[in-house]
Amino acid sequence: MTPVQFTFSSAFILGLTGLVFHRTHLLSALLCLEGMMLSLYVAFSIWSLSMGSTSSSALPLFLLAISACEASAGLALLVATARTHGTDRLQSLNLLQC
């Protein structure tokens, strides 16, 4: 494993562990998801550059578009829960009450 691959895989694992262990606020969970998507985007970009073909260069752009849609949907959910519940703490949200 090259140092570049180790860096991006450790960034992804760090975002995943942050998502699993620090789920107190919705904003922190969204930031961990965004960090994971960003590390995947950079890893796919470097992979497509190392392959040298133009056919694999569309994958990072597609992933970036999906990441932007995910971020906007997450922020919309954050605003909606902050307005209805008054907080973004995940323990105060109950799916049975919605």
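Since this is a predicted model, take the numbers as computed values, not measurements.
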Quiz item: Between F8 and L40, is any pair of side-chain heavy atoms under 4.5 Å apart?
Solution: no
Quiz item: Are L61 and W47 connected, step by step, through hydrophobic side chains (Ile, Leu, Val, Met, Phe, Trp, Tyr) whose heavy atoms are closer than 4.5 Å?
Solution: no
Exercise. Measure the CE-CG distance between M36 and L16 for me, rounded to the nearest 0.5 Å.
Key: 5.0 Å
Exercise. Would you kindly confirm whether F12 and L31 end up in one hydrophobic cluster when ILVMFWY residues are joined by side chain heavy atoms under 4.5 Å apart?
Key: no
Quiz prompt | Shared hydrophobic cluster, L38 / L27 (ILVMFWY, side-chain heavy atoms < 4.5 Å) | solution = no
Self-check item: L75 to L30 - nearest heavy-atom pair and separation
Solution: N-CD1, 4.3 Å
Self-check item: By side chain to side chain contact (heavy atoms under 4.5 Å, CB included) - contacts of T17 (at least two apart)
Solution: I13, L14, F21
Quiz item: Would I46 and L59 show up in the same hydrophobic cluster when neighbours are defined by side-chain heavy atoms closer than 4.5 Å?
Solution: yes
Quiz item: Do you know which two heavy atoms are closest between L19 and C32, and how far apart they sit?
Solution: N-SG, 3.7 Å
Self-check item: Value rounded to 0.5 Å, distance of CZ in F44 from CG in L64
Solution: 13.0 Å
Quiz item: Taking only residues two or more places apart in sequence, or in another chain, which ones meet S67 in a side chain to side chain donor-acceptor pair (under 3.5 Å)?
Solution: E34
Self-check item: Closest contact, heavy atoms only, P3 versus T7
Solution: O-OG1, 2.7 Å
Quiz prompt | From H85 atom NE2 to L26 atom CG, the distance as rounded to the nearest 0.5 Å | solution = 10.5 Å
Practice problem: Output the distance between atom CZ (R83) and atom CG (L78), rounded to the nearest 0.5 Å. | Solution: 11.0 Å
Quiz prompt | Set of side chain to side chain donor-acceptor pair (under 3.5 Å) partners for H25, sequence neighbours left out | solution = D88
